[in-house]
Engineer: 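Can you keep this structure in mind? I'll have questions shortly.
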Amino acid sequence: MALPRVQFSEDQAEAHDRVAELLRGAGVDIDEGLLTPAAEGKAAVMSVLGRAGSGKTLLLSHLYHALEETGVEVVSGDYEGRRRKDRRTLAILAPTNKAASVLRGNAVPATTIHRILYTPVYDPEYEKVAEWLAGNGERPQIEGLTDQALDRAFAFYQAQKSVPGALATAGLRGSDFIIGWKRRDDPLDIGFVDEASMLDERQFNDLQEIFPTLLLFGDPAQLAPVGQSGEMVFDKLAAPRKLKLSRIHRQEAGNPILDLAHALGDEELGFQEFERRIEAAARVDDRVVVAPRVDADMMARSPVLVWRNVTRVRLIQAFRGAYGAPPDALLPGEPLICDGIELPLKHRKKRIDLEARGLIKGAQVIYLGKGRRPGFSRLHVVGAQEPQISAASIVKIEFPDQEEPFIPFAARMGAAFLHGSAVTIHKAQGSQWPAVQLFAPDIWAAAQSGRVEAGLPLWKRLAYVAITRAQERLFWVTRYALARPKAALTVEDLRSGPAPLELAGEEERS
């Protein structure tokens with residue numbers, strides 16, 4: 001099947017040719033459709049850099065399709081078939097579930113970095129089904145799975161290359177066929193990493209151990225990871241290894257949100273002039289809104305973005321108060337942010353299980369209700385391919401002027417959560433929402449601070465990252481005020497599926 005013809009701009013075409021040259025050196029010729037065995041000891045890293053709308057995702061998608069058509073096997077992280085000495089592999093990665101889901105929405109089979117570091121161990125009986133779906137075995141006969149169930153699984157896999165998704169359509173849950181997780185022992189081959197501005201040094205080193213050929217797609221105008229002094233991992237690459245996209249392709253559609261984001265590149269632009277540009281855009285296009293108060297209904301699924309923690313905590317308390325949430329419990333539908341895994345080192349296997357299912361630091365989660373055991377919560381992991389889980393939880397509710405958070409309920413060990421109705425702009429990186437509320441008083445405070453990060457005023461980096469999280473509408477909130485919700489919290493909008501998979505976090509399972 002021939003690839004659809006893509007009209008590249010000059011900078012995209014140059015980047016494509018440079019990447020094709022890199023891949024040829026690794027034994028993958030996407031122009032001629034030829035594969036040769038990977039050369040031992042050869043390693044290369046290259047980056048494709050550009051601001052929002054410059055065409056990074058289009059280029060990534062085209063390269064993925066070209067590699068697949070050449071015969072490179074795409075490794076998704078949910079199942080890996082029998083290994084062949086001559087196979088060539090590609091994995092497409094993102095730092096967060098939400099970032100991976102954005103790529104999957106563009107028909108690119110992305111997974112998270114954590115999910116590729118750890119591989120699932122399948123029950124041998126159901127591994128036969130996975131091998132058959134992947135085209136490496138005969139149609140199996142499995143007790144309890146009818147022909148109709150196998151047909152449904154096969155049809156699903158043809159549309160979406162997800163083994164767990166296919167088995168779910170056959171009526172199975174993850175706990176039926178995944179019996180554990182193990183750290184990846186053997187390296188893969190080619191890795192594409194989106195949102196590479198979010199990578200820290202440790203993640204970058206892990207990826208270099210796994211992928212001899214690594215291609216980073218990133219936005220140099222975003223915020224660097226905390227603790228890296230404003231530096232991103234691709235900043236250290238030599239100039240020939242940094243490909244830059246400058247043309248703004250999505251601008252052609254007349255997108256006022258991207259117009260505003262790219263206006264921040266003007267060195268002479270001050271905060272007040274920028275705010276006047278926002279007001280002018282709002283007068284002529286309803287995709288930009290100047291709002292006098294925060295919308296509580298929107299906060300339930302799209303957090304308001306802030307710079308300061310004190311603002312975040314106050315808005316969270318205003319949100320909970322508006323919905324009548326009690327101080328000692330959560331309401332179904334409240335958003336949470338995973339704040340890490342609180343497990344001793346001896347429980348490494350349980351940590352792997354939680355992280356592999358999507359409960360990594362920064363993951364967005366919706367609380368569905370109490371689990372079957374004390375301290376457990378039923379959760380919807382936003383952006384995960386198998387979002388419905390039940391996990392041992394430590395929920396922390398923060399209050400203004402109190403150093404220690406209140407913990408309404410907690411397991412002894414498990415995943416820790418903060419409230420997610422308001423988040424810092426740093427934590428929002430890698431995510432996108434149809435509509436985004438940006439709390440303007442915090443951007444003004446950042447402008448007044450005079451802080452600079454990697455040569456750019458901090459307020460401009462903050463505003464750029466926050467604005468580019470909005471896919472369709474941007475709300476520029478001007479005052480400390482909250483509009484009361486129009487409806488009660490609900491979980492009806494979340495994708496239904498099999499009963500939640502229960503993840504252990506306690507020392508013993510009951």
Engineer: Does Asp31 pair with Arg24 as a salt bridge, N-O distance under 4.0 Å?
Structural biologist: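 Answer for the salt bridge query: yes.
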
Engineer: I'd like to check the salt bridge (charged side-chain N to carboxylate O under 4.0 Å, His left out) partners of Arg301; sequence neighbours left out, ordered by chain and number.
Structural biologist: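 Asp493.
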
Engineer: Compare every heavy atom of Phe417 with every heavy atom of Ser393, then report the nearest pair and how far apart it is.
Structural biologist: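 Answer, listing the atom of Ser393 first, then Phe417: OG-CE1, 3.8 Å.
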
Engineer: Please tell me whether Gln364 and Ser431 have a donor and an acceptor in their side chains that are separated by less than 3.5 angstrom.
Structural biologist: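 Looking only at side-chain atoms, Ser431 and Gln364 do form a donor-acceptor pair, the distance falling under 3.5 Å.
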
Engineer: Just grab all the side chain to side chain donor-acceptor pair (under 3.5 Å) pairs involving residues 440-449, residues at least two apart or on different chains.
Structural biologist: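 Sorted pair list: Arg308-Asp442, Thr311-Asp442.
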
Engineer: How are the rings of Phe274 and Trp476 set relative to one another: parallel (under 30°), tilted (30 to 60°) or perpendicular (over 60°)?
Structural biologist: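 Rings of Phe274 and Trp476: perpendicular, as their planes differ by over 60°.
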
Engineer: State whether the side chain of Asp235 and the backbone N or O of Met232 hold a donor-acceptor pair below 3.5 Å, judged by distance alone.
Structural biologist: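 Between the backbone of Met232 and the side chain of Asp235 there is a qualifying donor-acceptor contact (under 3.5 Å).
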
Engineer: What's the shortest heavy-atom distance between Met46 and Val19, and which atoms?
Structural biologist: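 Residues Met46 and Val19, closest heavy atoms: SD-CG2, 4.2 Å.
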
Engineer: Could you tell me whether the side chain of Asp200 and the main chain of Arg202 form a donor-acceptor pair under 3.5 Å?
Structural biologist: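 Looks like yes, one N/O pair under 3.5 Å.
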
Engineer: Does a side-chain heavy-atom distance below 4.5 Å link Phe217 with Leu103?
Structural biologist: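 Answer no - side chains too far apart.
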
Engineer: Hey, are Ser421 and His419 close enough side-chain-wise for a donor-acceptor pair under 3.5 Å?
Structural biologist: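 Their side chains do contain a donor-acceptor pair, which is all the 3.5 Å distance test asks for.
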
Engineer: Looking at every non-hydrogen atom in both residues, tell me the closest pair between Ser197 and Gln222 and how far apart they are.
Structural biologist: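 Closest approach of Ser197 to Gln222: OG-CB, 3.8 Å.
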
Engineer: Is Leu418 close to Ile316 at the side-chain level, that is, under 4.5 Å between some pair of heavy atoms?
Structural biologist: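 A side-chain contact is absent here, since even the closest heavy-atom pair is not under 4.5 Å.
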
Engineer: More than 12 heavy atoms of other residues, nucleotides or ligands under 6.0 Å from CD of Glu279: yes or no?
Structural biologist: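 Yes, because the 6.0 Å sphere around CD of Glu279 holds more than 12 heavy atoms from other groups.
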
Engineer: Is it the case that more than 12 heavy atoms not belonging to Lys244 sit under 6.0 Å from its NZ atom?
Structural biologist: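 Open: at most 12 neighbouring heavy atoms sit under 6.0 Å from NZ of Lys244.
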
Engineer: Run the side chain to side chain contact (heavy atoms under 4.5 Å, CB included) test on Val28 and Asp189 for me, step by step, so that the C-alpha distance in whole Å, both residues' side-chain angles and the decisive distance to 0.1 Å come before the verdict.
Structural biologist: CA-CA 11 Å; Val28 179; Asp189 198 345; 5.5 Å; no

Engineer: Mind listing the closest non-hydrogen atom pair of Ala15 and Leu243 along with its distance?
Structural biologist: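 That closest heavy-atom pairing would be O-CD1, 3.8 Å.
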
Engineer: Looking only at heavy atoms, what is the nearest atom pair of Ile425 and Leu438, with distance?
Structural biologist: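 Between these two residues, the closest heavy atoms are CD1-CD1, 4.1 Å.
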
Engineer: Would you say the side chain of Phe211 lies within less than 4.5 Å of the side chain of Val193, judging by non-hydrogen atoms?
Structural biologist: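 No. Closest side-chain heavy atoms not under 4.5 Å.
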
Engineer: Might you point out which heavy atoms bring Arg461 and Pro220 nearest each other, and give the distance in Å?
Structural biologist: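 Scanning both residues, the minimum pair turns out to be NH1-O, 3.1 Å.
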
Engineer: Does any non-hydrogen side-chain atom of Tyr122 lie less than 4.5 Å from one of Val163?
Structural biologist: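 Yes; the side chains approach each other to less than 4.5 Å.
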
Engineer: With no hydrogens and no angle check, do the side chains of Arg312 and Asn309 hold a donor and an acceptor under 3.5 Å apart?
Structural biologist: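 Judged by distance alone, the side chains do pair up.
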
Engineer: Set out, in order, the CA-CA distance, both residues' side-chain angles and the distance that settles side chain to side chain contact (heavy atoms under 4.5 Å, CB included) for Leu456 and Tyr464, then state yes or no.
Structural biologist: CA-CA 11 Å; Leu456 191 68; Tyr464 176 84; over 6 Å; no

Engineer: Taking the side chain as everything from C-beta on, heavy atoms only, tell me whether Arg18 gets closer than 4.5 Å to Pro240.
Structural biologist: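 They are in contact (side-chain heavy atoms under 4.5 Å apart), so the answer is yes.
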
Engineer: What I want to find out is whether Asp285 reaches Arg287 closely enough, with some N-O distance under 4.0 Å, to be called a salt bridge.
Structural biologist: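 Arg287 and Asp285: salt-bridged.
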
Engineer: Fit a plane to each ring of Phe8 and His16, take the angle between them on a 0 to 90° scale, and name the class: parallel (under 30°), tilted (30 to 60°) or perpendicular (over 60°).
Structural biologist: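 Tilted: the ring planes of Phe8 and His16 meet at 30° to 60°.
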
Engineer: Could you check if a side-chain atom of Phe204 sits within less than 4.5 angstrom of a side-chain atom of Leu214, using non-hydrogen atoms only?
Structural biologist: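 In short, these two side chains touch, coming nearer than 4.5 Å.
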
Engineer: Consider side chain to side chain contact (heavy atoms under 4.5 Å, CB included). Of Leu49, Leu199, Asp194, which one does Leu216 pass it with?
Structural biologist: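 Running side chain to side chain contact (heavy atoms under 4.5 Å, CB included) over Leu49, Leu199, Asp194 with Leu216 returns exactly one hit, Leu199.
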
